[in-house]
Amino acid sequence: QVLLVESGGGLVQAGGSLRLSCAASGGSFSSYTMGWFRQAPGKEREFVAAIRRSGSNTDYADSVKGRFTISRDNAKNTVYLQMNSLKPEDTAVYYCAGRNGIWIRYATAEYDYWGQGTQVTVSS
């Protein structure tokens, strides 16, 4: 059974930065495409970023391009989300997700494993 545990969330002022981490255990991390999603109150869970198994390919939601960077360390079974120039509209619970396929996908239904989420709050 694959277990994903996020950390690094918190309260930050607009313009600030946070780095989220997601540690995986119980599976073959290097074989998974990994993604980050977020869900704000009253809204659907939405795609934020994803990275393929080797880390050579990434993709981002338009709303975070140029501000967020996804990366992974397969030796540490960990995926990261560096978030810079944060805005109040980035406030959400951020979820780490993994899928067995090799391609980046954008729908929540395409992902097989999920973490419990970490709260990110950006104050204005």
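Note that this is a predicted model, so its numbers are computed, not measured.
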Expected output: side-chain [X] to main-chain [Y] donor-acceptor under 3.5 Å:
{"X": "T91", "Y": "T121", "result": "no"}
{"X": "S28", "Y": "S30", "result": "no"}
{"X": "E6", "Y": "S21", "result": "no"}

Under the salt bridge (Lys or Arg N to Asp or Glu O under 4.0 Å) test, residues paired with R67 that sit two or more places apart
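If we apply the salt bridge (Lys or Arg N to Asp or Glu O under 4.0 Å) test to R67, skipping adjacent residues, the hits are D90.
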For N84 and S17, which I'm curious about, is there any donor-acceptor pair between the side chains at under 3.5 Å?
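Side-chain D/A pair, N84 to S17: present.
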Once rounded to the nearest 0.5 Å, what's the spacing between atom OG of S31 and atom CG of N74?
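Atom-to-atom, S31:OG and N74:CG are 9.0 Å apart.
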Rounded to the nearest 0.5 Å, what separates atom OG in S54 from atom CZ in R72?
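Separation between the atoms: 8.0 Å.
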Under the salt bridge (Lys or Arg N to Asp or Glu O under 4.0 Å) definition, can you give me all pairs with a residue in [range], not counting sequence neighbours?
{"range": "residues 21-36", "result": "none"}
{"range": "residues 43-55", "result": "R38-E46"}
{"range": "residues 109-121", "result": "R99-E110"}

A92 to A40 - nearest heavy-atom pair and separation:
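The pair with the smallest heavy-atom distance is CB-N, 3.8 Å.
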Other hydrophobic cluster members with Y111, side-chain heavy atoms of Ile/Leu/Val/Met/Phe/Trp/Tyr under 4.5 Å, chained?
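Answer for Y111: F37, F47, V93, Y95, I104, Y106, W114.
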Members other than I70 in its cluster, when Ile, Leu, Val, Met, Phe, Trp, Tyr link by side-chain heavy atoms under 4.5 Å?
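So far as hydrophobic clustering goes, I70 is joined with V2, L4, V12, L18, L20, F29, Y32, M34, W36, V48, I51, Y60, V64, F68, V79, L81, M83, L86, Y94, Y113, V120, V122.
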